[in-house]
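Quick note on labels: first sequence line is chain A, next is B, and so on, each numbered from 1.
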Amino acid sequence: MAVHNADIVALFERLADLLEIEEANPFRVRAYRRAAMTLQDLPESAAQMVAQGRDLTELPGIGDDLAAKIKEVVETGRLRLLGEVEARTPSTLAALTSVPGLGPKRVHQLYEQLGISTLKQLEAAARAGRLRGLPRFGAALEAKVIEAAGRQATRERRLRISTAEDFARGLETWMKAAPGVGQVVVCGSYRRRRETVGDLDILATAEAAAPLIAHFTRYDEVAQVVSQGPVRSAVRLKSGLQVDLRVVPDESYGAALVYFTGSKAHNIALRRRGQERGLKVNEYGVFQGDRRLAGAREEDVYRALGLDYVDPVLREDRGEIEAAANGDLPRLLTARDIRGDLHAHTRASDGKSSLAEMAAAAAALAYEYVAITDHSRHATIAHGLDPARLAAQIDEIDRLNETLQGIRVLKSSEVDILADGRLDLPDALLDRLDLVVCAVHYQFGLDRRAQTERIVRAMDNRRCNIIAHPSGRLIEERPGYEVDLEQLIEAAAERGCFLELNAHPSRLDLDDVNCRFAKAHGVKIALGTDAHSTIGLGAMRYGVDQARRGWLEPGDVLNTRPWPELKRLLAR
DNA sequence: GCCGTTTTCGGCCCGACTGTTTTCAGTCG
C-alpha cells in the first residue's frame, strides 16, 4: 500500500497536536507543523523521492530527523514516535482544542487534573460546574464550552470563494458607510484568492477606531459579537461565518494589509527576515528601533525588507520570498491575457443556452474564440451527443462561423473516457474537431493505478488534447477520484497533451499546487469555465486567480494564444 | 526540531483581546 503525502501530513499534524498538549518545546511542535505544510504543498510524492534515494533535507523545514521519520512512514506505514505519544496522551484530546478559548495548555490541565479526554466528558464537566475549580477557569469559560458542544455538529465548514464573495460584498458596502472610515479591504485567504475561505478578515483605516467597531457590530447579519476591543472586533454572522475587523491609522495601512492578508506562514517568514536585518515587522509598520521605515503602502513594506512586491496570491511561504529577494517573481497571468474559453456547453447537451447565444456572450467578453464542448453519448444524463448529433453540430458551427465576426466558435467535445481508457466517440469524427477535451465522468471507484492507467491510455490517442478537471473533485462536496496526478502530468508532458484548470468555483481543478507542478514539467494549462449558460462564462476569473496562485504566467496557459498559434499547439 | 552575511549553539514573529486576575497567562489570528 503506497503512502501518500497526505498520510504523512496527517501523522505529523496529529503528533504536533499531541506534543503541544504535552507542553513539549513549542519550536519542536512548530517544526512538525512546518514539515506537514511542506509536504502538503509538495507536488511530488515523498514516497517516490525516498524510493529514488533523493535527499529530503533539501525540502524547507526538513532536517535529518524529519527526513528519517518520513522515510520510516514511507517504509513501514507507521510512525513509532506517534504510537509512544498516544500511549500517554489520548489522541482524542486534540479535538478539545477546537472549542474556542481552549488551547493546548488548558486541555493539558483538563486531562491531568480532571481526567477529561473527550468532548462528551468536557461538556458534562462544564454542565456540572467542575471546570471553575481549576486555576484561571471560570463560569464564562464553562458557558463557552457548553455552547460550543451544541454547535459542534455544524462547524468547520469552509466557504467556496464564490460564496464568500456574496458575504464579503455586503460587509464591504456596510463598512464603507461607517463614520470617518477611510479604506475598507477584505483581506485574509479571500484576498489571496484561495479556493475556500474559513472566515473573513476586514481591514479598515480611520483616525478614530471606536465608531467603526460600533458600526461593524451593528451589521444586521451579526448573530453574536465574539470579541470587541478598541481596535479590533470579531463577530459571528447568522450564517455561522466568522468575520474579523481590524482598524489601523492611515500611516499603517500597508503594513496592516500585509499582516491581515497573511498567510500566517508568509508573515512569519517576513518577520524573521526583518529580524535578521535588525528590523521589527508588525501591523503598524517596519521599524528600526523607534523609527518607522515603512507602513503606509504594501510596496514599501516589502522594499524595506529588500523584497520586490509580492502579489497576495503568492503569499503562502512557498518560495515567493526567496523569489522576491532575487527578483525572480513570475509575471503572473491576468484576465486580460485570456483570449478565449476552452470548455463550454450548449443546450445540445446539458447547457441552457444556444450556440449563437454562447458565441455572442464570448464576443461580449472580447474573446477571440470559444470552444463548444458538449458531452459525448456516454453521458446520458447530460444528453450527450452521439456521432450523428455531433456531426450535425459540427456543420451547424461551420455555418454559424460564416456569419460571425471577431469571434470564432471552435468545434469540440467533452468526450467521456471509458473505463478501459478508450474514447467515447470514433476517431474519424474526432478528426473533424478543432480540439478534443477528454474527461472522466463515471467509474470514480477504480483504484489509483487503474484510474491513472485509464486516463494515460486516453492520452495515448493522439486526438486527445486536453484532460478536463483532472482530479474530479468538487470543492467541499466530494474528493476527487483516486489518481496519480504526478504521473498524469508526466504522461501529458511526454505526449504533448494539456491539462485543464477548470475555472468553475466548485471545481478549480487542477489546483494551484498541481498547476505549478505542471508548469515545472512544461505542461501547458487550458483554462475553461465549464459554462452551462452564457452567465457561466463569467467564471473565468476564478480560474485566473487559481492559475496565478499556481505561479502561472501567460506563456504557461494555452488560451492566451491567438487561434492560429493555438491551432499549431493542438496538432499532435 | 530546524537553521546559519553575527551563530554548528542558541536562537526561533508579533500584538490584541478575554477572562480571571490584582498584573497576566492563554488563546487567537
Side-chain angles (χ1 to χ4, degrees), chain A residues 12 15-16 19-21 23-38 56-70 81 96-110 131-145 148 187-190 192 197-203 209 213 225-235 242-248 252 255-256 258-287 301 305-306 317 321 325:
Chain A
F12 280 3
L15 184 54
L19 285 174
E20 196 170 30
I21 290 165
E23 301 186 320
N25 177 347
F27 301 105
R28 185 179 170 217
V29 173
R30 186 189 295 172
Y32 280 106
R33 290 205 203 287
R34 177 156 163 71
M37 238 179 66
T38 295
L56 295 172
T57 64
E58 280 176 16
L59 300 174
I62 310 283
D64 289 337
D65 182 275
L66 285 173
K69 288 199 167 77
I70 292 170
L81 176 62
L96 301 190
T97 61
S98 68
V99 175
L102 286 192
K105 295 259 168 61
R106 286 186 171 133
V107 168
H108 178 76
Q109 256 185 312
L110 289 167
L131 301 189
R132 66 188 73 182
L134 298 178
R136 304 193 76 90
F137 278 71
L141 206 52
E142 281 177 348
K144 264 190 182 173
V145 166
C187 298
S189 47
Y190 180 84
R192 301 199 311 278
V197 170
D199 61 9
L200 290 177
D201 302 303
I202 303 178
L203 173 68
I213 303 276
V225 177
V226 177
S227 79
Q228 186 173 356
V231 298
R232 86 182 290 162
S233 171
V235 299
Q242 176 158 327
V243 186
D244 296 350
L245 172 71
R246 180 64 198 266
V247 184
V248 298
S252 294
V258 173
Y259 156 74
F260 226 27
T261 299
S263 66
K264 190 172 170 173
H266 178 84
N267 287 349
I268 289 174
L270 283 185
R271 288 169 174 180
R272 198 167 40 228
R273 185 178 171 89
Q275 213 173 32
E276 286 163 12
R277 286 162 177 70
L279 305 173
K280 186 171 70 171
V281 182
N282 59 28
E283 59 265 52
Y284 298 108
V286 180
F287 297 88
V301 171
L305 294 169
D317 192 22
I321 292 175

Undergrad: With rounding to the closest Å, how many angstrom separate the P atoms on B:dA16 and B:dT20?
TA: 22 Å

Undergrad: Measure the distance from CE on A:Met37 to P on B:dC2 and round it to the nearest whole Å.
TA: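 Those two atoms, CE and P, are 16 Å apart.
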
Undergrad: Rounded off to whole Å, could you give me the CZ-to-P distance for the A:Phe12 and B:dG1 pair?
TA: 10 Å

Undergrad: Please find the pair of heavy atoms, one from A:Asn282 and one from A:Arg271, that lie closest to each other, and give the distance.
TA: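 Result for this residue pair: CA-NH2, 3.8 Å.
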
Undergrad: What's the gap between B:dG1 and B:dT5 when it is taken at their C1' atoms, as a whole Å value?
TA: 24 Å

Undergrad: Suppose you measure atom C1' in B:dC2 against the same atom in B:dC17; what distance do you get, rounded to whole Å?
TA: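 Those two atoms are separated by 31 Å.
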
Undergrad: Determine, for nucleotides 8-18 of chain B in 5'-to-3' order, which nucleotides have protein heavy atoms under 4.0 Å from the base (write B), from only the sugar-phosphate (write S), or from neither (write -).
TA: ----BBBSSSS

Undergrad: Write down the distance between CG (A:Leu102) and P (B:dG19), rounded to a whole number of angstrom.
TA: 13 Å

Undergrad: Nearest whole angstrom, please: distance from the C1' of B:dC3 to the CZ of A:Arg28.
TA: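 These atoms are roughly 17 Å apart.
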
Undergrad: Rounded off to whole Å, could you give me the CZ-to-C1' distance for the A:Arg273 and B:dC3 pair?
TA: 16 Å

Undergrad: Just how far, in rounded Å, is P of B:dC2 from CG of A:Asp65?
TA: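 Taking atom P of B:dC2 as the reference, CG of A:Asp65 is at 5 Å.
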
Undergrad: For the pair made of CD1 in A:Ile202 and C1' in B:dG29, what is the distance, rounded to whole Å?
TA: 15 Å

Undergrad: Atom NZ of A:Lys105 to atom P of B:dA25: distance rounded to whole Å?
TA: 10 Å

